[in-house]
2 protein chains.
Amino acid sequence: MLDVSLIANLPPFADIAKDALQDLLKQAKPVRFNRNDYIFSAGEPADSFFLLLDGYIRVVRVTPDGEQVIARYISAGELFGVAQALGRDTYPANAVAAADCVVLRWPGDIWPEVISRSPTFATNTYHMVGERLQDAQDRIVEMATERVEQRVAHAIVKLADQTGRKTDDGIVIDFPLSRQDISEMTGTTLHTVSRLMSAWEQAGMVKSGRQKITVTEHDRLVTLANHPKE
Amino acid sequence: MLDVSLIANLPPFADIAKDALQDLLKQAKPVRFNRNDYIFSAGEPADSFFLLLDGYIRVVRVTPDGEQVIARYISAGELFGVAQALGRDTYPANAVAAADCVVLRWPGDIWPEVISRSPTFATNTYHMVGERLQDAQDRIVEMATERVEQRVAHAIVKLADQTGRKTDDGIVIDFPLSRQDISEMTGTTLHTVSRLMSAWEQAGMVKSGRQKITVTEHDRLVTLANHPKE
DNA sequence: CGAAGCCTTGATGCGCCTCAACGTACGTGG
DNA sequence: CCACGTACGTTGAGGCGCATCAAGGCTTCG
């Protein structure tokens with residue numbers, strides 16, 4: 001049996017009674033995924049929602065002509081795939097394991113009951129959606145007003161802050177991340193990202209290798225990210 | 001006294017008991033705004049939420065260096081300014097009357113009570129937020145993958161569908177909308193928008209004058225919007 | 001009637017995409 | 001464990017889409 005301590009300290013479940021959590025856990029099914037596995041795909045019936053216990057997940061939209069756009073990265077402790085709760089009957093995007101993952105899965109139709117049983121969960125998730133909406137709007141503003149260099153800097157700073165692990169060299173992003181991934185987060189090409197990374201490495205602000213990025217001078221990167229056009 | 005029929009048929013209040021609506025209305029205060037008035041500004045304490053009864057409202061973000069980005073347009077019947085319900089204590093954007101408006105205003109702190117009294121309202125608004133999140137994500141994808149011409153076409157088609165009035169000439173957008181406004185919706189400049197509109201007018205797809213746009217060939221505009229590069 | 005706001009149109013330049021070629025690290029199967 | 005194939009990364013050359021700069025016309029309103 002899964003233990004309540006697994007999830008009791010996670011933001012989505014803040015302030016929820018222990019026995020309510022116990023109940024919730026009884027209905028959850030733990031699942032493992034290997035890197036690059038699909039947790040769900042866009043268009044599938046949205047019959048479950050999920051909690052990420054360990055690993056990282058990439059949420060990706062694909063355009064009609066096959067281009068990929070990364071909507072967000074999910075870190076451990078976050079809910080995802082809550083499409084049904086938001087009134088959709090299919091998932092709007094793909095969810096791919098960006099690293100090996102452990103996930104809890106619930107049947108989507110218990111959501112209304114959970115909400116009504118635990119008002120705190122209701123407001124917690126309400127706030128979560130609010131934050132994601134906020135996030136999305138921020139990105140729209142970025143895309144509309146910033147140049148590529150700033151957007152890429154922003155993206156990397158955000159990932160470093162969200163997932164970074166401290167090392168001797170600096171802050172390293174905790175999962176494999178390619179130039180192409182970054183370009184799909186920022187609406188540019190892998191070529192441009194590569195050039196930027198080379199320049200920044202030259203300047204001593206980052207170190208980077210194959211699918212691996214270390215931020216060595218966080219502050220300068222932030223400055224760059226906020227620097228309006230010349 | 002305000003009559004229940006004012007709001008009973010609006011989507012946010014679908015399936016809510018008449019007496020609950022009556023209660024809700026008692027706490028609402030109707031307010032008028034003239035075109036270009038501010039309903040609220042970014043950064044102000046989010047102490048109210050609103051329903052638009054008549055008119056149109058533009059939700060605008062302003063960047064640190066003064067550039068404007070239009071997040072969305074609100075049409076009659078929609079809720080807006082629900083920041084507090086989403087866990088924010090200040091409004092994240094400006095709300096400006098795009099036309100003369102009539103608005104209902106509620107104190108934000110009654111939200112939790114309304115939610116608990118009317119589960120239907122809770123799910124209705126949950127879905128509304130879900131739709132807006134969806135919308136925002138769609139726009140991110142657009143900004144990341146489409147060229148200016150397609151984005152502008154998309155924006156105009158959306159506005160025509162959302163607010164259009166049928167006339168002999170075609171579908172006319174129901175409120176004053178300048179080239180600059182369109183450029184702030186799509187992340188381009190008023191110059192580029194002007195050139196596009198001229199070209200489209202030449203081609204017979206739209207007619208446009210000072211802050212006024214009529215879509216004469218909806219289908220061709222949609223085709224243009226969906227046409228991938230070359 | 002003047003001033004301010006909105007729109008148009010041309011000329012110019014550059015940021016970034018595109019196309020192309022090559023180098024390098026990974027992992028997989030014999 | 002090595003060899004090969006594939007995925008990832010780098011760097012250059014060239015060109016185009018769109019921002020920028022500039023100037024002028026038209027409408028609306030005080």
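Just so we're on the same page: letters track the sequence lines, and every chain starts at 1.
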Classify the ring geometry between A:Trp106 and A:Phe49 as parallel (under 30°), tilted (30 to 60°) or perpendicular (over 60°).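 Parallel, since the angle between the ring planes stays under 30°.
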
Do the ring planes of A:Tyr91 and A:Phe50 sit parallel (below 30°), tilted (30 to 60°) or perpendicular (above 60°)?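 Tilted, since the angle between the ring planes falls between 30° and 60°.
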
Does a side-chain N-to-carboxylate-O contact under 4.0 Å join B:Arg32 and B:Asp37?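 No, B:Arg32 and B:Asp37 are not salt-bridged.
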
Give a yes or no on whether a salt bridge exists between B:Arg132 and B:Glu78, defined as a side-chain N under 4.0 angstrom from a carboxylate O.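 Between B:Glu78 and B:Arg132 there is a salt bridge, with a charged N closer than 4.0 Å to a carboxylate O.
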
Under 3.5 Å, which N/O atoms of the protein pair with N/O atoms of nucleotides 23-30 of chain D?
none

Classify the side-chain pair [X]/[Y] by whether it contains a donor and acceptor separated by less than 3.5 Å.
{"X": "B:Glu44", "Y": "B:Thr90", "value": "no"}
{"X": "A:His227", "Y": "A:Gln150", "value": "no"}
{"X": "B:Thr189", "Y": "B:Arg179", "value": "no"}
{"X": "B:Ser48", "Y": "B:Arg105", "value": "yes"}

Euclidean distance, atom [atom1] of residue [X] to atom [atom2] of [N] [Å, nearest integer]:
{"X": "B:Glu67", "N": "D:dT20", "atom1": "CD", "atom2": "P", "answer": "8 Å"}
{"X": "A:Arg195", "N": "D:dG14", "atom1": "CZ", "atom2": "P", "answer": "13 Å"}
{"X": "B:Gln150", "N": "D:dC18", "atom1": "CD", "atom2": "P", "answer": "9 Å"}
{"X": "A:Ile213", "N": "D:dG9", "atom1": "CD1", "atom2": "P", "answer": "8 Å"}
{"X": "B:Glu201", "N": "C:dT9", "atom1": "CD", "atom2": "P", "answer": "10 Å"}
{"X": "A:Lys212", "N": "C:dA25", "atom1": "NZ", "atom2": "P", "answer": "14 Å"}
{"X": "A:Leu190", "N": "C:dC19", "atom1": "CG", "atom2": "P", "answer": "13 Å"}
{"X": "A:Asn34", "N": "C:dG27", "atom1": "CG", "atom2": "C1'", "answer": "15 Å"}

Ring centre gap for B:Phe33 and B:Tyr38 strictly below 6.0 Å: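 Not close enough - the centres of the two rings lie 6.0 Å or further apart.
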
When all nucleic acid strands are considered with a 4.0 Å heavy-atom cut-off, which category describes A:Ser198: base, sugar-phosphate, or nothing?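 Sugar-phosphate: the residue A:Ser198, judged by heavy atoms under 4.0 Å, touches backbone atoms but no base.
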
Verify side chain to side chain donor-acceptor pair (under 3.5 Å) between A:Thr167 and A:Asp169, making sure each step is shown before the conclusion. CA-CA 5 Å; A:Thr167 68; A:Asp169 278 350; 5.3 Å; no

Give each protein N/O atom lying under 3.5 Å from an N/O atom of nucleotides 12-16 of chain C, with the pair distance.
| from | atom 1 | to | atom 2 | distance (Å) |
| --- | --- | --- | --- | --- |
| C:dC16 | OP1 | A:Val148 | N | 3.0 |

Which of residues 169-186 of chain B sit near DNA chain C, with a heavy atom under 4.0 Å from it?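 Only B:Ser178, B:Arg179 qualify.
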
List the steps, then state whether salt bridge (Lys or Arg N to Asp or Glu O under 4.0 Å) holds for B:Asp174 with B:Arg165. CA-CA 6 Å; B:Asp174 202 28; B:Arg165 255 183 321 106; 2.8 Å; yes

